[in-house]
Enquirer: 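I am attaching a structure below and will ask some questions about it afterwards.
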Amino acid sequence: MTTGGVPMQIRRVVTGHRDDGRSTVLSDAPVVGHEAMPGSTFAWLWRTTRAPADNDDPTDRAADPPALTQPNGSVLLLVDVAPGARSPLHRTRSLDYAFVLAGPVDLELDDESTTRLETGAVVVQRGTMHAWVNPGPHTARMAYVLLDATEPTVDGEALPAYMPA
């Protein structure tokens, strides 16, 4: 798939161990992105299903059905956002480390604030209601590591995950 007419194809290298215990490359192949919402192409690069992660598990879950979160695990995701594109306002039940690889990108929160993020910025997203916007003239790229987390609470009330249809 494409964002702004450019196909998203990411080279993913996965390492592991040989029978003699030495390190080796198990896989070196492209992962193709898919348009997950208008103007945004997602490439799911890796997923774990437990914490701590099992380095002996040979399963490549990148081809599992797309999901932003993984109960008891993690998700590694790359997203290209076309110029002018905006994600819906949403909240995931996760702790997210978001890296701006090519910006700018605006982080909008439900308190109506907007924070401009340039290339190299990092956001620690802690279960807040948020949206991502590309205000620039070029495709923006972000990498995410999403870790399963408890729902945030305010005055003892849980704030559930929310993703509009």
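All heavy atoms count here, side chains included; hydrogens, waters and symmetry mates do not. Numbers for residues simply follow the sequence, beginning at 1.
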Enquirer: Within the structure provided, determine whether Glu151 and Pro160 are in side-chain contact (heavy-atom separation under 4.5 Å).
Expert: yes

Enquirer: Taking only residues at least two apart or on different chains, which pairs with a member in residues 38-85 satisfy ring pair (Phe, Tyr, Trp, His ring centres under 6.0 Å)?
Expert: Phe42-Trp44

Enquirer: Does Asp20 have more than 12 heavy atoms from other residues, nucleotides or ligands lying within 6.0 Å of its CG?
Expert: yes

Enquirer: Under 3.5 Å, side-chain donor or acceptor atoms of residues 61-79 against the rest of the protein: list the pairs with distances, not counting sequence neighbours.
Expert:
{"residue": "Arg61", "atom": "NH1", "partner": "Asp57", "partner atom": "OD2", "Å": "2.8"}
{"residue": "Arg61", "atom": "NH2", "partner": "Asp57", "partner atom": "OD2", "Å": "3.3"}
{"residue": "Ser74", "atom": "OG", "partner": "Thr48", "partner atom": "OG1", "Å": "2.6"}

Enquirer: Using the side chain to side chain donor-acceptor pair (under 3.5 Å) criterion, which residues pair with Ser113? Sequence neighbours excluded.
Expert: Asp111

Enquirer: Please tabulate, for the side chains in residues 94-103, all donor-acceptor contacts under 3.5 angstrom to protein atoms that are two or more places apart in sequence or on a different chain.
Expert:
{"residue": "Ser94", "atom": "OG", "partner": "Thr92", "partner atom": "OG1", "Å": "2.7"}
{"residue": "Ser94", "atom": "OG", "partner": "Asp96", "partner atom": "OD1", "Å": "2.5"}

Enquirer: Could you tell me whether the side chain of Val154 reaches within less than 4.5 Å of the side chain of Leu159, counting heavy atoms only?
Expert: yes

Enquirer: Can you tell me which residue pairs pass the salt bridge (Lys or Arg N to Asp or Glu O under 4.0 Å) test with a partner in residues 131-143, sequence neighbours excluded?
Expert: Asp80-Arg141

Enquirer: According to side-chain contact (heavy atoms from CB on, under 4.5 Å), who are the partners of Asn55, at least two apart in sequence or on a separate chain?
Expert: none

Enquirer: Can you list the residues that meet the side chain to side chain donor-acceptor pair (under 3.5 Å) rule with Arg91, with sequence neighbours excluded?
Expert: none

Enquirer: Which pairs with one or both residues in residues 53-89 pass ring pair (Phe, Tyr, Trp, His ring centres under 6.0 Å), sequence neighbours excluded?
Expert: none

Enquirer: Taking only residues two or more places apart in sequence, or in another chain, which ones meet Arg116 in a side chain to side chain donor-acceptor pair (under 3.5 Å)?
Expert: Asp106

Enquirer: For atom CZ of Arg18, is the number of surrounding heavy atoms from other residues, nucleotides or ligands below 6.0 Å larger than 12?
Expert: yes

Enquirer: Counting C-beta onward and ignoring hydrogens, is there a side-chain heavy-atom pair between Val81 and Val105 closer than 4.5 Å?
Expert: no

Enquirer: With a cutoff of under 4.5 Å between side-chain heavy atoms, which Ile, Leu, Val, Met, Phe, Trp and Tyr residues group with Val133?
Expert: none

Enquirer: Would you mind listing every ring pair (Phe, Tyr, Trp, His ring centres under 6.0 Å) that reaches into residues 119-163, with sequence neighbours excluded?
Expert: His90-His130, His130-Trp132, Trp132-Tyr144

Enquirer: Pro88: which residues meet the side-chain contact (heavy atoms from CB on, under 4.5 Å) condition with it, sequence neighbours left out?
Expert: Met37, Met163, Pro164

